[in-house]
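Before any comments, here is the structure.
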Amino acid sequence: MATEMSEAESLMQLAIAKCREGIANGQSPFGCAIKLGDRVIAVAHNRVRLHTDITAHAEISALRDACTASGEILLDGAIVATTCEPCPMCMAALHWARVDTVYYGATIADAETAGFNELTLSAADLLKIGGSAVKLVSGVCEDDCRALFTEWKTLAKAGTY
């Protein structure tokens, strides 16, 4: 379990770094990294404003990149680290991609507190209702992930974007 968590934390650090890159470029504070086998195949940040695409959440963007990199639409066995609990759209897409495990830091409640218009259906509830086999692990680098909301708000308040 310790090796699994260190792998999740390492992957999360990639998602956090990509999130910060997105924040610096005027995107909202979400990042995601996907590892398949021994290779990281995608690291993405939220691209909603960049692409004027409400579906371009970090997880969706990472899934698109991962599918392109792997040449497959199914990512059986993939490990995902995302800075915030996936919304219902993203959790459904992760389920459909057949990823193995999703690790997340901040919660939907944290995103809502930061000012995002969240549906209050947790990722765990969605998986349970849908009968999904995807494993969901919360609290990975939680403080670092929550801090991304503060960083984003500070830059927005300063008029950086």
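This one's a predicted model, so the numbers in the text were calculated from it and none came from an experiment.
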Testing the basics here: between [X] and [Y], what is the closest heavy-atom pair and its distance to 0.1 Å?
X: C84; Y: T107; value: SG-O, 3.4 Å
X: C19; Y: P29; value: SG-C, 3.2 Å
X: A15; Y: A81; value: CB-O, 3.7 Å
X: S70; Y: L75; value: OG-CD2, 3.6 Å
X: S61; Y: A56; value: OG-O, 3.4 Å
X: L63; Y: A93; value: CD1-CB, 3.7 Å

Legend entry - Carboxylate-amine/guanidinium proximity below 4.0 Å for D65 and K18: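 Here D65 does not pair with K18 in a salt bridge, since their nearest N and O are not under 4.0 Å apart.
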
Inset, instruction - Hey, can you tell me if F30 and F149 have their rings parallel, tilted or perpendicular (30° and 60° cut-offs)? - result: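 The rings of F30 and F149 stand perpendicular, inter-plane angle above 60°.
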
Inset, instruction - Answer whether the closest heavy-atom distance between the side chains of T55 and R64 falls below 4.5 Å. - result: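 Yes - at least one pair of side-chain heavy atoms lies under 4.5 Å apart.
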
Legend entry - Non-hydrogen side-chain atoms of I23 and L155 separated by less than 4.5 Å: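 Of all side-chain heavy-atom pairs linking L155 with I23, at least one is under 4.5 Å.
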
Atom [atom1] of [X] and atom [atom2] of [Y]: how far apart are they, to the nearest 0.5 Å?
X: L11; Y: C32; atom1: CG; atom2: SG; answer: 8.0 Å
X: H57; Y: C90; atom1: NE2; atom2: SG; answer: 5.5 Å
X: E118; Y: D110; atom1: CD; atom2: CG; answer: 10.0 Å
X: T82; Y: E59; atom1: OG1; atom2: CD; answer: 3.5 Å
X: Y103; Y: E85; atom1: OH; atom2: CD; answer: 16.0 Å
X: I73; Y: R98; atom1: CD1; atom2: CZ; answer: 8.0 Å

When hydrophobic residues are tied together by side-chain contacts of less than 4.5 Å, even through go-betweens, does [X] share a cluster with [Y]?
X: V80; Y: M12; value: no
X: I129; Y: L136; value: yes
X: L127; Y: V99; value: yes
X: Y104; Y: L121; value: yes
X: W96; Y: I79; value: no

Please set out all donor-acceptor pairs under 3.5 angstrom arising from side-chain atoms of residues 34-45, sequence neighbours excluded.
{"from": "K35", "atom 1": "NZ", "to": "E7", "atom 2": "OE2", "distance (Å)": "3.0"}

Inset, instruction - Check whether more than 12 heavy atoms from other residues, nucleotides or ligands sit under 6.0 Å from atom CG of D76, and answer yes or no. - result: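 Atom CG in D76 is crowded, with more than 12 foreign heavy atoms closer than 6.0 Å.
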
Inset, instruction - Starting from M89, walk the hydrophobic network (Ile, Leu, Val, Met, Phe, Trp, Tyr; side-chain heavy atoms closer than 4.5 Å) and list everyone else you reach, by chain and number. - result: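 Under the 4.5 Å side-chain rule, M89 groups with I60.
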
Legend entry - Stepwise side chain to side chain contact (heavy atoms under 4.5 Å, CB included) test for D144 and Q13: CA-CA 9 Å; D144 293 339; Q13 290 305 316; 3.6 Å; yes

Inset, instruction - Report the C-alpha distance between I16 and C145 in whole Å, list the side-chain angles of each, state the deciding distance to 0.1 Å, and finish with yes or no for side chain to side chain contact (heavy atoms under 4.5 Å, CB included). - result: CA-CA 7 Å; I16 289 168; C145 292; 4.0 Å; yes

Legend entry - E151 side-chain N/O to R20 backbone N/O, donor-acceptor pair under 3.5 Å: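 Side chain of E151 to backbone of R20: no pair is present.
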
